Each structure stands twice: as structure tokens, then as C-alpha cells.
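Before any comments, here is the structure.
Model, not experiment: these values are computed from the prediction.
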Amino acid sequence: MDSREVAYFVAVAEERNFTRAAARLGIEQPPLSRAIQRLERRLGVRLLERTSRRVSLTPAGEVLLDEGRRALDSLTAAEQLTRRAGRARQRLTVVTKPGGDAGLLNPVLTRFAARPDAVDVEVLICGIGEERTLLRDGTADIALLRLPQEDLGGLATEELLTEREMVVLARAHRLAGSTSVGMADLAGEVLPRWSEAAAGSGPVIKDTGQVAELIALGRMVAVLPESVARHLGHDLVAVPADGRRTTLLAAWPEERRDLALAAFIRTAAETAATHSTG
């Protein structure tokens with residue numbers, strides 16, 4: 001298989017439609033169909049089940065979709081890292097979503113900059129759920145993530161700090177005066193979804209500003225890290241979520257062995273050991 005065949009298959013598998021996949025790839029549909037057929041013949045397995053109304057994946061297709069995504073991510077990362085290696089001065093790129101660093105990133109950057117082996121650090125602020133993609137495609141070197149995560153395959157991690165989770169409510173909410181809230185207390189409440197694939201009926205959230213606005217309007221409640229919940233807005237109430245805690249991780253590609261990245265991770269862990277999220 002070559003990378004173009006894999007990219008063609010991944011597009012069809014994700015779109016579940018040859019017409020949309022061809023438009024996404026910027027090619028005509030007939031050559032796309034022929035490319036998929038050649039791939040199936042070469043592999044000796046059927047990857048897609050096609051009818052006049054829909055396209056679905058066979059078990060073999062499910063495997064190739066998962067592995068193909070990883071392979072394409074690796075190729076993109078290799079290109080990005082090769083370009084970066086040719087720069088005159090090494091640079092690290094750290095990615096986090098808004099409010100996703102528990103207030104830790106600024107002291108880490110200050111402490112790292114004081115090291116004799118420090119390199120330039122670029123901070124990339126991304127949308128919710130984009131951190132792993134930017135890490136795997138080579139755009140970022142280090143990502144700040146929260147546990148639990150569905151997929152940390154191919155990534156090395158360092159636990160930085162753990163904090164309470166809070167239930168964030170409108171001031172008029174029935175639970176706003178509680179000293180703590182259990183998840184059973186939230187039965188029937190609308191909760192946000194952090195990705196399109198997440199279960200539930202709540203709205204898909206793209207940024208923390210959207211969260212604050214919808215909670216203030218009484219349209220939903222949310223369970224958030226304390227460092228985020230305390231800074232959402234004056235019109236909201238944050239109540240401890242009974243027994244729930246969340247952990248902030250630093251994550252990076254597990255194959256990376258360079259000294260600058262290791263120094264940054266070490267600095268982050270040292271800083272987190274004395275950091276308060278209150």
C-alpha cells in the first residue's frame with residue numbers, strides 16, 4: 001500500500017460515501033472507486049460493503065481505518081518534525097485548550113526559560129478535543145490533557161497534578177445551595193458533550209465561553225475541573241462534585257527522545273509539585 005491509497009480509503013471510510021469522499025479529496029469519483037477496488041484486490045479482502053444507498057465497513061475495513069489513520073498521522077508528523085529539525089534554533093510547541101492547564105503553564109514556562117538548556121517554546125491554544133490530533137500530526141510536541149482519555153495509544157505521559165471536579169450551575173438552580181453534589185443528583189439534567197461522538201443529548205461544546213453562557217441561561221449544567229469552574233463567571237455557582245477528581249497530564253509522542261522535550265517535562269513535573277490550583 002502507498003500513502004495515497006490509504007488516504008483514499010480513510011476518506012471513504014470516514015465519509016461513508018464515495019461522492020463526499022471524492023469531493024473532500026478533490027478528485028473525481030470513478031478513479032476513487034477504482035483505487036479502492038485495486039486496494040481490495042491487492043489485500044485479498046473486502047474492505048467496504050456497498051449498496052445503492054450506503055457504504056459500510058467490513059471487519060477488515062475497521063482495522064484498516066484505525067491503522068490507516070495512525071499511519072497517515074505518522075507520515076504527517078515525520079514531515080513536520082523533519083522540517084522543524086532543519087530550523088536554525090530548536091523550538092518546542094505546547095498545545096492546550098483554553099483553561100486546560102490548571103494555571104500551571106505560565107509558571108512552567110518561566111521556570112523552563114531560566115534553565116541553561118532552555119529552547120524557545122511556542123504555545124498553541126486549540127479547540128476542545130484537538131490536542132491529541134495536533135500532537136500526533138507533529139504540529140505540537142507536548143499536549144496538556146485531562147484524564148480520563150479514550151485513546152492515549154502511541155503517547156507517553158507524565159501526571160502533573162490532580163484537582164477536584166465541580167458541578168457548575170446557574171445561581172437559580174435547585175442545587176446551587178448544596179455543599180456537594182453527587183452524580184445521581186444530576187439525573188435528568190442536560191450535560192455538555194465534548195465531541196460529536198460522545199453519548200448524550202446535550203450540546204456539543206467548542207469552548208469554555210459557550211459552556212458558561214449555556215449554564216447561565218439555565219440550559220445545562222457541567223462537571224468541570226476546579227481551576228476551570230472557579231473562573232467561568234460571577235453568575236454561576238461551583239459546587240464540589242462528590243468524590244470526583246481529575247488529573248492533568250503532559251503527553252508527547254512515545255518515540256521522542258530529545259533532550260529539550262525531556263527537560264520541559266521534568267520542569268513541568270517539578271513546577272506542578274509545588275503548584276496550587278486554588
Side-chain angles (χ1 to χ4, degrees), residues 1-15 21 24-27 63-101 104-106 108-109 112-113 115 117-160 194-197 206-207 247-269:
M1 290 185 294
D2 62 34
S3 60
R4 183 173 63 176
E5 288 179 326
V6 175
Y8 282 6
F9 171 75
V10 168
V12 174
E14 290 181 342
E15 297 292 343
R24 166 174 154 181
L25 294 165
I27 63 174
V63 171
L64 184 57
L65 175 59
D66 184 50
E67 296 301 325
R69 283 170 170 161
R70 293 180 187 275
L72 293 174
D73 284 346
S74 295
L75 285 171
T76 303
E79 179 181 351
Q80 294 274 13
L81 292 171
T82 300
R83 293 180 186 277
R84 191 174 298 160
R87 295 174 181 167
R89 178 177 173 87
Q90 187 178 0
R91 175 190 300 267
L92 291 174
T93 298
V94 180
V95 63
T96 181
K97 64 189 175 188
D101 67 331
L104 184 63
L105 187 53
N106 192 50
V108 170
L109 293 173
F112 182 69
R115 294 178 61 108
D117 56 351
V119 301
D120 292 338
V121 178
E122 178 182 359
V123 177
L124 180 60
I125 305 299
C126 69
I128 291 173
E130 295 178 350
E131 301 96 326
R132 288 174 300 174
T133 298
L134 295 171
L135 196 59
R136 286 182 170 130
D137 71 10
T139 300
D141 302 292
I142 303 157
L144 298 182
L145 302 171
R146 291 277 181 178
L147 285 178
Q149 285 283 327
E150 294 177 359
D151 179 16
L152 290 173
L155 302 178
T157 61
E158 174 78 23
E159 293 190 6
L160 298 179
W194 304 108
S195 72
E196 295 283 355
K206 301 300 183 183
D207 61 64
T247 298
L248 181 70
L249 302 175
W252 65 96
E254 61 185 9
E255 70 275 9
R256 291 284 297 275
R257 297 289 187 272
D258 50 290
L259 296 177
L261 188 149
F264 187 90
I265 297 300
R266 187 162 54 252
T267 301

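- Smallest separation of non-hydrogen atoms from L145 and A251: CD1-CB, 3.7 Å.
- Between E15 and R24 a salt bridge is recorded (basic side-chain N to carboxylate O distance below 4.0 Å).
- Distance CD1/I142 to CZ/F264: 5.0 Å, rounded to 0.5 Å.
- Shown here for D117 and A263, the closest heavy-atom pair between the two residues is OD2-CB, 3.8 Å.
- Residues T267 and R115 meet the side-chain proximity criterion, which asks for heavy atoms closer than 4.5 Å.
- Without hydrogens or angle criteria, E14 side chain to A11 main chain gives no donor-acceptor distance under 3.5 Å.
- In summary, E158 and R266 do not engage in a salt bridge, as defined by a charged side-chain N under 4.0 Å from a carboxylate O.
- A distance of 4.5 Å separates CD of E122 from OG1 of T93, quoted to the nearest 0.5 Å.
- Of all non-hydrogen atoms in C126 and L134, the two that sit nearest each other are CB-CD1, 3.7 Å.
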Would R136 and L155 count as a side-chain contact (heavy atoms from CB on, under 4.5 Å) here? Give the steps. CA-CA 8 Å; R136 286 182 170 130; L155 302 178; 4.0 Å; yes
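- R146 has its side chain out of reach of T247: every pair of non-hydrogen atoms, C-beta onward, lies at least 4.5 Å apart.
- For the pair L92 and D120, the minimum side-chain heavy-atom distance is 4.5 Å or more.
- Going from atom CH2 of W252 over to atom CD1 of I265 covers 4.5 Å, rounded to the nearest 0.5 Å.
- By the 4.5 Å heavy-atom criterion applied to side chains, L147 and L152 are counted as neighbours.
- Considering every non-hydrogen atom in both A118 and F112, the closest pair reads CB-O, 3.1 Å.
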Go through D141 and R256 one step at a time and tell me if the side-chain contact (heavy atoms from CB on, under 4.5 Å) criterion holds. CA-CA 9 Å; D141 302 292; R256 291 284 297 275; 2.9 Å; yes
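- Between T139 and V95, every side-chain heavy-atom pair lies at or beyond the 4.5 Å cut-off.
- Of all non-hydrogen atoms in N106 and D101, the two that sit nearest each other are N-OD2, 4.3 Å.
- Looking at L249 and L144, their side chains never come closer than 4.5 Å, going by heavy atoms from C-beta outward.
- For the pair L65 and A13, the tightest heavy-atom approach, listed with the atom from each and the gap, is CD1-CB, 3.8 Å.
- With sequence neighbours excluded, no residue satisfies salt bridge (Lys or Arg N to Asp or Glu O under 4.0 Å) with D2.
- In this structure, R70 pairs ionically with D66, as a charged nitrogen and a carboxylate oxygen lie closer than 4.0 Å.
- With rounding to the nearest 0.5 angstrom, the CG atom of L248 is 11.0 Å from the OG1 atom of T157.
- Note that the OG1 atom of T96 and the CG atom of L104 stand 10.0 Å from one another [nearest 0.5 Å].
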Step by step, would you call I128 with K97 a side-chain contact (heavy atoms from CB on, under 4.5 Å)? CA-CA 6 Å; I128 291 173; K97 64 189 175 188; 4.2 Å; yes
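- In this structure, the separation between CG on D137 and CZ on R132 is 13.0 Å, given to the nearest 0.5 Å.
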Checking side-chain contact (heavy atoms from CB on, under 4.5 Å) for the pair L105/V123: CA distance, chi angles, key distance, verdict? CA-CA 9 Å; L105 187 53; V123 177; 3.8 Å; yes
